[in-house]
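These notes concern the structure reproduced below.
Nothing fancy with the numbering, it's 1 onward along the sequence. The basis for the numbers below is simple: all heavy atoms, side chains too, and nothing from hydrogens, waters or symmetry mates.
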Amino acid sequence: MKADTLEEYIQTDNLAELGALLKREPALANSNTSLGVSAIMLAQYYKKPAVVSLLLNYVDELTMFEAAAIGKLDVVENLTAAHPQLVNDFSKDGFTPLGLACYFGQANIADFLIANGANVNIASNNGFNVYPIHSAVAANQTQIVYNLLKHGAEVNVKQQSGVTPLHSAAQNGNLEILIMLLEHNASTEVRMEGGRLPADLAREKGFDDIAEILSN
């Protein structure tokens with residue numbers, strides 16, 4: 001029940017009750033949640049920065065994945081120096097440190113990981129087949145997308161349901177990322193499951209100018 005309560009307080013951003021709970025049971029901050037990730041990763045996925053900050057007061061030691069996700073560059077640097085193989089390892093929910101840094105917009109960490117051997121073309125191993133470039137495009141991380149492309153990220157890779165980075169950029173209406181992808185030979189003719197092209201997704205979201213670019 002305490003674990004359920006912890007997750008509830010994280011999800012609802014209930015800092016007062018969470019703080020009281022952790023004072024009574026500090027070990028809960030280091031436990032795994034029912035979703036298979038740590039408490040601090042759950043808070044990060046829920047986009048609860050204040051909760052992350054509170055949990056940090058009770059977490060004994062961050063993992064490479066947690067540090068990459070929440071932006072702790074010093075921890076990433078230290079862990080990389082001690083265990084360089086970690087840069088291409090997988091978290092419990094199947095993502096690489098680079099994939100997590102890309103999704104959560106940690107550009108400096110993404111840069112560091114790439115400079116220290118992180119493979120920009122490793123997909124998640126959790127069945128979703130999400131590459132770092134998928135994560136960066138979905139999260140509208142323009143600078144990270146630029147750096148991934150600069151270091152050889154493949155632009156026509158497919159994640160689950162056949163979605164390419166161009167599909168995501170079109171759906172988000174992100175013209176800057178879309179142009180970068182096209183300049184790196186992203187295909188406008190790849191159909192996701194159900195047959196939709198990137199132009200179709202742009203049109204559905206009301207981005208008619210982008211749909212026109214992709215159609216021509």
Exam field: side chain Asn30 to backbone Tyr58, donor-acceptor pair closer than 3.5 Å: yes
Any pair counted as salt bridge (charged side-chain N to carboxylate O under 4.0 Å, His left out), so long as it reaches residues 10-31, sequence neighbours left out: Lys2-Glu25
Show me the donor-acceptor pairs within less than 3.5 Å that the side chains of residues 68-82 make with the rest of the protein, sequence neighbours left out.
| residue | atom | partner | partner atom | Å |
| --- | --- | --- | --- | --- |
| Asn78 | ND2 | Asp74 | O | 3.3 |
| Thr80 | OG1 | Val76 | O | 2.7 |

N/O donor-acceptor pair under 3.5 Å between Gln159 side chain and Tyr131 backbone: no
Neighbour count >12 (heavy atoms, 6.0 Å) for atom CD, Glu176: no
Salt-bridge present (Arg196, Glu204; N to O < 4.0 Å): yes
Modelled atom types, side-chain donor and acceptor of Asn126 and Ser124, under 3.5 Å: yes
Where Pro198 and Thr188 come nearest, the two heavy atoms and their spacing: CD-O, 3.6 Å
Flag, side chain of His167 to backbone of Val190, donor-acceptor distance under 3.5 Å: yes
Non-hydrogen side-chain atoms of Leu166 and Val155 separated by less than 4.5 Å: no
Exam field: side chain His134 to backbone Ala123, donor-acceptor pair closer than 3.5 Å: no
Side chains of Ile122 and Asn119 in contact at under 4.5 Å (non-hydrogen atoms): yes
Polar side chain donor-acceptor pair, Asn174 to Asn140, under 3.5 angstrom: yes
Any side-chain heavy-atom pair of Leu100 and Ile109 under 4.5 Å: no
Under 3.5 Å side-chain donor-acceptor pair for Asn216 and Glu212: yes
Side-chain donor or acceptor of Asn116 paired with backbone N/O of Val87 under 3.5 Å: no
Criterion ring pair (Phe, Tyr, Trp, His ring centres under 6.0 Å) on Phe128 and Phe95, from CA distance to verdict: CA-CA 10 Å; Phe128 295 110; Phe95 296 101; 7.4 Å; no
Nearest heavy atoms of Ser187 and Asn156, plus distance in Å: N-OD1, 2.8 Å
